[in-house]
Each structure stands twice: as structure tokens, then as C-alpha cells.
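Report on the structure given below.
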Amino acid sequence: MPQFMNSSKKDDSKAETPSSFHISRQSTIEQGIAAFNELGMNHICKVCIANSGSCCHDCLHLRDGIGCQKRNTSCTAWLCGFHKYFLYEIDQLKHWKEYWKQIPGQDYREDFTPEMVKLKQPLLMDTLNVEHLAEELAYDLQEIAHTHLTRGFILTLREKLDNNIDQLLDGDYDDKKRAVLRRKIKVLSSPLYRFQSALADYRESRSHTINS
């Protein structure tokens, strides 16, 4: 399991106690981007961008043909509905959210994060054998974008997944309401055929590995 404790060449994290350490703001950004790409979630971004749904649209720090000119902790931590759904299905969404809750100073498209921050847990994401799942999800989304009669349907789907997953993770609901939300997410994701098939194979493989 890759541990995104420090993706920069210079080791600027300092052990404080067995349960805390210091790390630079820049390293949190680099590690977040590295984990994001290792998981394959950049493939999903390409679909939204191609269908006029970039989350970076109209950002002052974005340059055509170049990309972001001013990385920050806020945008690195942020996930769209498709990213949340992907991490939700591979059981890594909770950890991503808990890690970034430790990082102070996050704001909309900018941050006021100190140059050094103290954390209690590192960004530990299991990136082994999951990139192909993100690729399959991206393929499904592109197919939906091309074939669905309603223009911009995938962007609507993205927002609905985002809303229901947020409610499931952050809402103070009883088991009955949470079961309803899980069913809604399952129904919303039902057109993602290739992803669902690959996900089933992935889970079976992991089950065999754990039990062997």
C-alpha cells in the first residue's frame, strides 16, 4: 500500500510523537496530487473537461493549454461527485475526507494554510490495482455523454451523486435513511456498466487475497 507521506525530494516532515508530525503545505499539495493521479481519478476529469464540465471553469489561476498556475490545499482536497463515488466504491472516501479535515485554511479556490502544519494521520491511499477502475468509470461516463438524449446529463448525474454521498457520509441519519441513500446511489450509478463489472472483479480479487 503506497503511503503518500512525502512526495517531494526533500524530507520536510518532522516526527513529533507516535501520533503527530509536521509537514509543509507544499508537501500536502504534492502528496494529494500524487495520490489523485495514482488512483486514476485524473481520467475522470478528462471526461468532464471534454463535456464542458470542468470544476476549474472561470478560475483566475487557470491558463488555457497549460493548466493550474497556483495550486492550493483547497482544490487539491476537493472532489466532484464522480470522484466521491469512485472512492466510495473502493472504500477510500472516508480516509480522504478525514485527512484533508486536518489541513487548516481551506477556502474557495484559494487557501490560507500555514507553511507548516501538524497532522495526526498521513495520507494513506491504497492505489494498487485501482487505476483501471477509474479508466472504466471514465469510459462509461464518456459513453453516457455521447448517447444520452439529454445534453449535459453526466453533469446532472455528477451533482446527484455528490449530493447523495454527502448526505450519506455527513448527514445525521438513522439506519433506515442511510439505507435509502445507499439505494439511491446504486440506482444513479446503474448505467456505469463497465465500471460495475470491473469493480465486482476487483472486490472478488481482494476477497481472495485477504482470505488466502
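Model, not experiment: these values are computed from the prediction.
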Would you kindly say whether [X] and [Y] are connected by a side-chain donor-acceptor distance under 3.5 Å?
{"X": "Ser189", "Y": "Tyr85", "answer": "yes"}
{"X": "His132", "Y": "Glu136", "answer": "no"}
{"X": "Tyr99", "Y": "Gln121", "answer": "no"}

Which heavy-atom pair separates [X] from [Y] by the least distance, and what is that distance?
{"X": "Ala134", "Y": "Gly40", "answer": "CB-O, 3.2 Å"}
{"X": "Trp96", "Y": "Ala77", "answer": "NE1-O, 2.9 Å"}
{"X": "Tyr202", "Y": "Leu128", "answer": "CE1-O, 4.2 Å"}

Using 0.5 Å steps for rounding, measure from the [atom1] atom of [X] to the [atom2] atom of [Y].
{"X": "Leu79", "Y": "Tyr88", "atom1": "CG", "atom2": "OH", "value": "15.5 Å"}
{"X": "Asn51", "Y": "Leu141", "atom1": "CG", "atom2": "CG", "value": "9.0 Å"}
{"X": "Lys46", "Y": "Ser54", "atom1": "NZ", "atom2": "OG", "value": "13.5 Å"}
{"X": "Met41", "Y": "Leu133", "atom1": "CE", "atom2": "CG", "value": "12.5 Å"}
{"X": "Ser27", "Y": "Met116", "atom1": "OG", "atom2": "CE", "value": "8.0 Å"}
{"X": "Phe86", "Y": "Cys80", "atom1": "CZ", "atom2": "SG", "value": "11.5 Å"}

Does [Y] offer a backbone N or O that forms a donor-acceptor pair with the side chain of [X] under 3.5 Å?
{"X": "Gln92", "Y": "Asp126", "value": "yes"}
{"X": "Asn164", "Y": "Ile185", "value": "no"}
{"X": "Asp162", "Y": "Arg158", "value": "no"}
{"X": "Gln102", "Y": "Lys120", "value": "yes"}
{"X": "Ser190", "Y": "Val187", "value": "yes"}
{"X": "Arg178", "Y": "Leu168", "value": "yes"}
{"X": "Asp111", "Y": "Asp107", "value": "no"}
{"X": "His95", "Y": "Leu123", "value": "no"}
{"X": "Trp78", "Y": "Arg109", "value": "no"}

Revision key, fill the gap. By side chain to side chain donor-acceptor pair (under 3.5 Å), Gln106 pairs with (sequence neighbours left out) none
Review point. If Ile, Leu, Val, Met, Phe, Trp and Tyr residues are connected whenever their side-chain heavy atoms lie under 4.5 Å apart, and connections chain through other members, are Leu181 and Leu169 in the same group?
Key: yes
Exercise for review: Go through Arg203 and Glu89 one step at a time and tell me if the side-chain contact (heavy atoms from CB on, under 4.5 Å) criterion holds.
Suggested key: CA-CA 10 Å; Arg203 287 173 172 168; Glu89 290 288 19; 2.7 Å; yes
Do the non-hydrogen side-chain atoms of [X] and [Y] ever get within less than 4.5 Å of each other?
{"X": "Phe21", "Y": "Lys118", "result": "no"}
{"X": "Thr28", "Y": "Thr76", "result": "no"}
{"X": "Lys97", "Y": "Asp170", "result": "yes"}
{"X": "Cys45", "Y": "Phe82", "result": "no"}
{"X": "Val117", "Y": "Arg25", "result": "no"}
{"X": "Leu39", "Y": "Glu131", "result": "no"}
{"X": "Leu192", "Y": "Leu199", "result": "no"}
{"X": "Leu161", "Y": "Lys84", "result": "no"}

Practice item. State yes or no: are the ring centers of Tyr193 and Tyr139 separated by less than 6.0 Å? Key: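 No, ring centres 6.0 Å or more apart.
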